[in-house]
J.: 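Got a structure here, written out as structure tokens. Questions coming.
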Amino acid sequence: MSTVCDLLVIGAGPAGMAAASTAARLGVSTLLVDEQAALGGQIYRNVESHSNDADGVSAADWQRGAALVREFRASGARHRAGTQVWQLDPAQEGACKIYVTDGTQADVIRARRVLLATGAMERPVPIPGWTLPGVMTVGAAQILYKTGKHVPQAGTWIAGSGPLLWLFAAQALEAGGKIEGILDTAPRSNFAHALRHSMAALRGRAYLERGLALQARVRRAGVPVIKDVAAIEAKGEDRLTTLRFRVGGRWRDVLASTLLLHHGVVPNVHATRSLRAQHRWDGPQRCFVPVVDAWGMTSAEAYAVAGDGAGIVGAEASALRGRLAALESARRLGVIDEQRRDTEAAPIRGDLARHMPVRAFLDQLFAPRASLLAPADEVLVCRCESITAGRIRDAVRLGCAGPNQMKAFTRCGMGPCQARMCGLAAAEIIAHERGVGMEEVGVFNVRPPLKPLSLQELAALPE
Amino acid sequence: MTRETVTVYVDGKPVSVGAGESAAAAALHAGLSYTRTSPVTDEKRAPYCMMGVCFECLMVIDGVPSRQACMVKVAAGMRIERQIGARELG
Ligand code: FES
């Protein structure tokens, strides 16, 4: 069975839902596919059934998410849940073939245009012991909370920096969770650097006020917050038992059964990389982003990107960028003309202008500590193939210039995650070791299939 | 919120979990201390990202090896088992 549509939107978070609704309302035949069972993406995960969050620290998020779901349901766009994309073909004769699977059967979708709204992932920052059971990300813990109302138990520590860390801590405490302490790894100097952007940031006051309120909530709950933590190590035989950290030049050991790590979020560029679309290094956000124009159009014909996948902007701006990309997609499909596109875009651009100025401030405030991006030689960087930072450095000394050569030297990036976890961290180590910029080092090439498939799944594919 | 639950079998042990949860979440709630061993080093590993990125959650589900357990929604009677070492996707 194969499916046909004019616009295929991939990812049902704020950007994807807003884009699909906008396009469908204009009369574009639109299909939204997403790997989760329900609409919402990561930020609004389970928003339709998560009625508990109608009040509390995420009430405003919940309402915005619910409004996007309502708009989507009324728009006439179709939705296919539980669908993972494993191959995106370049446009050919006016159509793109997108290969998907529901986990048991593969299928192909033919679309005239594609809008990628695949969002962000947490920045993987390797520390000693991060592969021990008991160590997971803050985002993972938040997913357990959003889908099953599970909250952190006694023995849980949180470490790292970023807005999500504080949001989750406040959410978890409010829901009755236990947090032994928070290790804030943001360097003290971040604040002074961020102040340079404070005038612009004042225009996004709501973000700052919310951030301060979340931190205040955590402190009021009596959770110790340890600032300026320079290093973290997870220790244990087969499971995490001890957390070590260095603050003010001194190491401390505490008992821990769960460690939740978070070092901000970076765009999920796996799909755009597999298309060989152009990417650039974003210095302030320390990540690679696809090159897009003012409408989110990439260098790959017929493919657009919107939302955090095109550079981190947050949920509200993501939805707005989704709408802009949908307008231009509709224009290129011949459904609306340029004048209509611009008339509809004007108020959206106005809203977007309110959300963007605060970003530079937030990027600086939560910038990852440089020393964490240069892990010690014995730290595992590639979790799949168990490749250490030391082996990556050895390869560089032997002449390895970038991640793609690194595969030949070490198998780094060749496991099932296809370098989703080690790619950025390995590139940072190579750049540091060679003394060159990240643009020069580049990132791992991505080849389909984007996820491993079984023969049985493939057997269902037409032709 | 009324919570619909289903019973799944984690390494043979019945566990009741929310109907919207993933097989990886079920394994964690069942108290499974690890969910697979590394095919390279035999180290014990457990779900790390819960959102389909890290591939640490590869488990044997209903007899099929190397399923990404965090992306598989639970179903009544589902058998979720630890994966030891390398297993080809069937
Ligand atoms: S826990 Fe990371 S992919 Fe499943």
Side-chain angles (χ1 to χ4, degrees), chain A residues 35-38 41-42 45-46 49-53 81-82 84 103-104 119 121-122 124 130-137 139-144 146-150 236-240 261 268 270 380 382-387 411 415-418 420-421 451-457, chain B residues 1-5 15-29 31-58 61-75 82-83 86-90:
Chain A
E35 49 192 26
Q36 291 183 36
Q42 298 304 342
R45 187 183 268 263
N46 242 2
S49 51
H50 217 242
S51 45
N52 299 22
D53 266 9
Q84 282 184 287
T104 55
M121 54 177 272
E122 291 174 278
W130 72 316
T131 51
L132 280 174
V135 182
M136 52 168 38
T137 67
Q142 197 189 36
I143 288 169
L144 289 170
K146 285 182 179 175
T147 48
K149 288 281 153 206
H150 301 282
E237 266 310 307
D238 287 332
R239 253 201 92 75
L240 171 76
L261 295 171
N268 200 339
H270 216 64
L380 278 193
C382 171
R383 301 174 65 110
C384 298
E385 297 291 332
S386 293
I387 308 295
R411 287 196 63 80
C417 94
Q418 294 186 314
R420 286 170 173 92
M421 293 299 286
K451 68 171 290 280
L453 289 153
S454 68
L455 288 175
Q456 179 207 337
E457 271 172 285
Chain B
M1 183 171 74
T2 51
R3 211 170 87 106
E4 226 185 287
T5 60
V15 202
S16 161
V17 290
E21 298 201 59
S22 65
L28 290 171
H29 305 327
L32 214 58
S33 57
Y34 65 98
T35 52
R36 70 161 187 147
T37 61
S38 158
V40 182
T41 59
D42 293 333
E43 283 173 326
K44 298 184 167 101
R45 298 282 176 87
Y48 182 73
C49 73
M50 294 299 283
M51 58 174 282
V53 178
C54 72
F55 288 72
E56 287 289 13
C57 62
L58 298 179
I61 298 180
D62 287 337
V64 182
S66 290
R67 299 280 324 263
Q68 226 177 335
C70 73
M71 302 305 286
V72 176
K73 199 172 138 180
V74 291
R82 240 176 215 159
Q83 177 160 318
R87 295 291 300 272
E88 284 304 315
L89 200 51

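Each chain gets a letter, A, B and so on, in the order the sequences are listed, and its residues count up from 1.
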J.: Run the salt bridge (charged side-chain N to carboxylate O under 4.0 Å, His left out) test against Arg36(B) and tell me which residues pass, sequence neighbours left out.
T.: Glu56(B)
J.: Got Pro416(A) and Leu58(B) here, is their nearest side-chain heavy-atom distance under 4.5 Å?
T.: yes
J.: I need the residue from Arg411(A), Gln42(A), Glu122(A) with the largest number of non-hydrogen atom pairs under 4.5 Å to chain B.
T.: Gln42(A)
J.: Less than 4.5 Å to any heavy atom of chain A: does that hold for the side chain of Lys44(B), its backbone, both, or neither?
T.: both
J.: Show your working on side chain to side chain contact (heavy atoms under 4.5 Å, CB included) between Lys451(A) and Met71(B) and close with a plain yes or no.
T.: CA-CA 12 Å; Lys451(A) 68 171 290 280; Met71(B) 302 305 286; over 6 Å; no
J.: Looking at CZ of Arg67(B) and OG1 of Thr104(A), how far apart are the two atoms once the value is rounded to the nearest 0.5 Å?
T.: 7.5 Å
J.: Holding to ring-ring contact (aromatic ring centres under 6.0 Å, His included), I want the full list of residues that pass it with His270(A), two or more places apart in sequence or in another chain.
T.: none
J.: For Arg383(A), does its backbone N or O pair with a side-chain atom of Arg45(B) as donor and acceptor, under 3.5 Å?
T.: yes
J.: So which part of Ser38(B) gets closer than 4.5 Å to some heavy atom of chain A, the side chain, the backbone, both or neither?
T.: side chain
J.: Just verifying a value: how many Å separate Ile143(A) CD1 and Ser22(B) OG, rounded to the nearest 0.5 Å?
T.: 8.5 Å
J.: Between chain B and each of Leu132(A), Leu261(A), Asn268(A), Val135(A), count heavy-atom pairs under 4.5 Å; write down the option with the most.
T.: Val135(A)
J.: Rounded to the nearest 0.5 Å, how far apart are NE2 of His150(A) and NE2 of His29(B)?
T.: 3.0 Å
J.: Quick one: what part of Gln84(A) sits under 4.5 Å from any heavy atom of chain B, side chain, backbone, both or neither?
T.: side chain
J.: Work out which heavy atom in Val40(B) is nearest to a heavy atom in Cys384(A); give both atom names and the distance.
T.: CG2-O, 3.6 Å
J.: Side chain to side chain contact (heavy atoms under 4.5 Å, CB included) between Leu380(A) and Glu43(B): does it pass, once the steps are laid out?
T.: CA-CA 12 Å; Leu380(A) 278 193; Glu43(B) 283 173 326; 3.9 Å; yes
J.: So for Leu240(A), is it side chain, backbone, both, or neither that comes closer than 4.5 Å to the heavy atoms of chain B?
T.: neither
J.: Using the rule given for side chain to side chain contact (heavy atoms under 4.5 Å, CB included), can you reason through Met121(A) versus Cys49(B), listing the C-alpha separation, both sets of side-chain angles and the distance that settles it, and then say yes or no?
T.: CA-CA 9 Å; Met121(A) 54 177 272; Cys49(B) 73; over 6 Å; no
J.: Shortest non-hydrogen contact from Cys417(A) to Cys54(B)?
T.: CB-O, 3.7 Å
J.: From Met51(B) CE over to Glu35(A) CD, what is the distance, rounded to the nearest 0.5 angstrom?
T.: 7.5 Å
J.: Measure the spacing between CG of Leu453(A) and OG of Ser66(B) and express it to the nearest 0.5 Å.
T.: 12.0 Å
J.: Considering non-hydrogen atoms only, spot the tightest contact between Ala140(A) and Met50(B) and give its length.
T.: CB-CG, 3.5 Å
J.: Mind checking the CZ-CZ spacing from Arg420(A) to Phe55(B)? Nearest 0.5 Å is all I need.
T.: 4.5 Å
